[in-house]
Amino acid sequence: MCFPVLSASGGIRVNNPKMDTGVVVIVAVVILIGLFSVQHYGTDKVGWLFAPVVLLWFLLIGGIGIFNIWKYDSSVLRAFSPVYIYRYFRKLKKDGWSSLGGIMLSITGTEALFADLAHFPVSAVQLAFTAIVFPCLLLAYSGQAAYLMQNKEHVVDSFYRSIPDSIYWPTFVVATLAAIVASQATISATFSIIKQAVALGCFPRVKIVHTSKNFLGQVYIPDMNWILMILCIAVTAGFKNQSQIGNAYGTAVVIVMLATTLLMTLIMLLVWHCPWILVLLFTVLSLVVEGTYFSAVLLKVDQGGWVPLVIAAVFLIVMYIWHYGTLKRYEFEMHSKVSMAWLLGLGPSLGLVRVPGIGLVYTELASGVPHIFSHFITNLPAIHSVVVLVCVKYLPVYTVPEEERFLVKRIGPKNFHMFRCVARYGYKDLHRKDDNFEKKLFDSLFLFVRLESMMEGCSDSDEYSLYGQQTQHSRDLFLRDNTNMSSSNADLTLSSVDSIVPVKSPPNATTTTSSGQESSHTEGDELEFLNSCRDAGVVHILGNTVVRARRDSRFPKKIAIDYIYAFLRKICRENSVIFHVPHESLLNVGQIFYV
C-alpha cells in the first residue's frame, strides 16, 4: 500500500538508499519497541495523531506522483487501459505470471483497512479509501513509472529516487511515521482477532483490556502484544534481504484475501440470503483474480513466504487443541450434572457434617448442580453450612450496572441452605480485579432472602413472575424494610432477583397478615444464620477438571492433550485471579476426565 512497511507481522523496514542497512535495522527495531510499548494507551489515545500523518502521507505521495508525471513522461497514464495487461502477459508469459508475486505488494495494506472495521465506522473507511487512498496510490505508482521511463537503472529503489531533493528528508520522516501507522493497523487487527477467538472459546483466556467506551473492538492484550513484538523484531532483524520480507508479507495478504472471499460467500448465502447467481458470480470472479495471485506467490514460499505459514500453523494448532479440550471438558460437565432427586435424597445435611462457614463453589454451569460438587461431598467428610454455586457469565455489553450484577436463586428447600448466584459482567468489566466481589455477592444474597420472605407474605392471588420488572411501590417498600440489614449496601434493584423468583401479586403496603409476620420471623432467623456463617469464614472452591488422553490413545493425541492443552490451561487466567481471591481462602477441587 505504498507504505515503507514490508513485514509478515507489521515489522518496519524503510528502504532508504542514503542510509546504511545496519542503521536502518537498528532504527526499525527501536521504533518497534517504542510502538509496542505505547499499545496499552489504546487506539483512542494515540489515534488523533495517526489521521493527520496518514493524510499528509497520501497527499505527499500523490503530489510527488503528479510532479513526476508532469516532469518525466505523461504517456504512462495510458497504462490504465486494460489492453496493456494483455500485452504484458503475452510478451513475458511465464515470467509475467511469476512477477504477480511482486505486483501483489502494491496493494498490501488495503486489507488492514477492512480489518479495522471494529475500530472505525464503516462509512469512514469507505470514504477514506475511495476519496483519498485509491487516487493517491494511482498517482504515486504512475509517477514512479514516469520516473523509470528515463531512469531505468533506479528500478530497485525508485520511490526514494523519484523524490525531489528539496523535500527528500521531510518525506523520509513522514514515510517513517506512516510506517508506524501501518504497523499499528496490523497490531490492532491482531488484538481484535484474538479477542473474538477467546469469546468463541477457540483461544486460551488471556487478559483483555478494553480501551474505549465507544467502540467494542478497541482492545489491548498484554501477552499477545509482547509476543507480537518479539516476532516483529525477529522478522525485521532476521531478514537481511528486503525482498524476503516482501514475499512473506505478500503470502500472508493473499491468503487473507482468499479466506475473506470464502467467508464472504458463506455470509451471502446464510446471512444475507442473496440470489445464488449473484453469489456464484462474486465467488468465481474473486477466486479467479485471487487464485492467480496465490499461484504466483507459491513460488516465493522458499524465499521468505514460509514465515507467515509457520506462524499461522502454530496458532492453528494451539487454537484447535484448546477448542477440542475445552469442548470435551464442557460436554463432560453438562452430561454429568447432579440430579435434584439425588441431592434431595441426601437430606438437609447432604450426607455430611455441616460445619460453620460459607462455601463459594465456582462453576461454568448456569443451571443444575455440577459434577465437581458431588465429587467434593463424596470425598470429604464435611461441607459448609451454606453453599453458594457461583457462575460467572460475560455479556456482549459495555458494562453491567452494579444493581444488575448478580442473579440469585435458591436450590432445594430452605433447610438445605444452598443458593445459586450468577455474576454478570460486561466486556469492559472483564479486566477489573473486583476487590469487593465477595461483599457484593453476600449483599445480593441477603437481599434475595428478604425479598423471598416478603413475597411469601403476600396475599393469595394468581401467581406470576416479575421477570425483570418491578413497581416503584415494591421498590420503596423493600428499600425501607432493608435498612436494618447487616450490610448497608442495597444497590441491587429488584430486577436482579425478581427474574428468578416466582411471586404472587404485589403486596398492599397497609395490609399485615399473620403469614407475613411468620415469614418475617423466618427471614430474621435465616439472615442471622447467614451472618453467623459469614463471620465463621468464607472459602472459595474452584473446580478443576483435568482432561487427560486415554492410555490407548495415539501418540499425537497424548502430546496434544496431556502436554499442550495442560500447559495452556495452566497459563490461562482463572477466576481466582479475576476476583482477587486470597490464597488462604482458596480451595481447588480436581478430578480427572479421560477423552
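All values below come from the heavy atoms of this structure, side chains included, with hydrogens, waters and symmetry mates left out.
- With sequence neighbours excluded, no residue forms a ring pair (Phe, Tyr, Trp, His ring centres under 6.0 Å) with H384.
- Shown here are the ring pair (Phe, Tyr, Trp, His ring centres under 6.0 Å) partners of F332, two or more places apart in sequence or in another chain: H371, F593.
- Two residues are said to be in side-chain contact when any heavy atoms from C-beta on lie closer than 4.5 Å; V538 and F442 meet this criterion.
- A donor-acceptor pair is defined here as one N or O able to donate and one able to accept, closer than 3.5 Å; no such pair exists between the side chain of D223 and the backbone of V206.
- Interatomic distance, M319 CE to L568 CG, rounded to the nearest 0.5 Å: 12.0 Å.
- Of all heavy-atom pairs spanning V547 and R329, the tightest one is CG2-CB, 3.9 Å.
- In this structure, the side chain of N531 engages the main chain of L527 through a donor-acceptor pair within 3.5 Å.
- Across C533 and V386, no two heavy atoms sit closer than the pair SG-CG2, 3.8 Å.
- Salt bridge status for R410 with E526: present, with a side-chain N to carboxylate O gap under 4.0 Å.
- Of the inter-residue distances, the one linking I230 atom CD1 with W226 atom CH2 reads 9.5 Å to the nearest 0.5 angstrom.
- Counting only heavy atoms from C-beta outward, the side chains of M229 and I227 never approach each other to under 4.5 Å.
- Interatomic distance, W322 CH2 to I564 CD1, rounded to the nearest 0.5 Å: 13.0 Å.
- Looking only at atom types and distance, the side chain of E528 has no donor-acceptor partner in the side chain of S532 under 3.5 Å away.
- With a 4.5 Å cut-off on side-chain heavy atoms, I411 and F416 do not count as touching.
- A distance of 10.0 Å separates CD1 in I358 from NE2 in H540, rounded to the nearest 0.5 Å.
- Taken from CE in M418 to NZ in K409, the straight-line distance is 12.0 Å, to the nearest 0.5 Å.
- Taking the ring axis of Y425 as reference, the NZ or CZ atom of R405 stays within 45° of it and closer than 6.0 Å to the ring centre.
- Listed here is the closest heavy atom pair of V279 and C274: CG2-CB, 3.9 Å.
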Practice prompt. Take F446 and R450 through the side-chain contact (heavy atoms from CB on, under 4.5 Å) test and state the conclusion after the steps.
Written response: CA-CA 6 Å; F446 296 152; R450 292 185 63 87; 5.7 Å; no

Using side-chain contact (heavy atoms from CB on, under 4.5 Å), reason through C232 and F36 one step at a time and then give a plain yes or no. CA-CA 10 Å; C232 289; F36 283 99; 3.9 Å; yes

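- Between Y362 and I541, the closest side-chain pair of non-hydrogen atoms is not below 4.5 Å.
- A heavy-atom distance below 4.5 Å is found between the side chains of L441 and L360.
- Among residues two or more places apart in sequence or in another chain, the ring pair (Phe, Tyr, Trp, His ring centres under 6.0 Å) test is passed with F419 by none.
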Please report the C-alpha distance between K337 and V369 in whole Å, then the side-chain angles of each, then the deciding distance to 0.1 Å, and finally whether the side-chain contact (heavy atoms from CB on, under 4.5 Å) criterion is met.
CA-CA 6 Å; K337 289 192 299 185; V369 180; over 6 Å; no

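- The nearest pair of heavy atoms linking C421 to F406 is SG-CD2, 3.4 Å.
- Judged purely by atom type and a 3.5 angstrom limit, T260 uses its side chain to pair as donor or acceptor with the backbone of V256.
- Residue I561 holds its CD1 atom at 7.0 Å from CD1 of I321, rounded to the nearest 0.5 Å.
- Taking every heavy atom of both residues into account, P370 and L389 meet most closely at CD-CD1, 3.9 Å.
- The aromatic rings of F203 and F315 sit parallel to each other, their planes meeting at less than 30°, with 60° as the upper class boundary.
- K558 places a side-chain N or O within donor-acceptor distance of the main-chain N or O of R551, the cut-off being under 3.5 Å.
- Looking at K207 and I221, their side chains never come closer than 4.5 Å, going by heavy atoms from C-beta outward.
- D562 contributes a side-chain N or O that, together with a main-chain N or O of A549, makes up a donor-acceptor pair within less than 3.5 Å.
- Closest approach of A382 to V355, counting heavy atoms only: CB-CG1, 3.9 Å.
- The environment of CZ in R548 is sparse: at most 12 heavy-atom neighbours from other residues, nucleotides or ligands sit within 6.0 Å.
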Requested in this report: Give the intermediate values and the outcome of side-chain contact (heavy atoms from CB on, under 4.5 Å) for residues L278 and M268.
Outcome: CA-CA 9 Å; L278 180 62; M268 294 177 70; 4.2 Å; yes

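- When each of R420, H417, R354 is tested with V387 by the rule side-chain contact (heavy atoms from CB on, under 4.5 Å), just one qualifies, namely R354.
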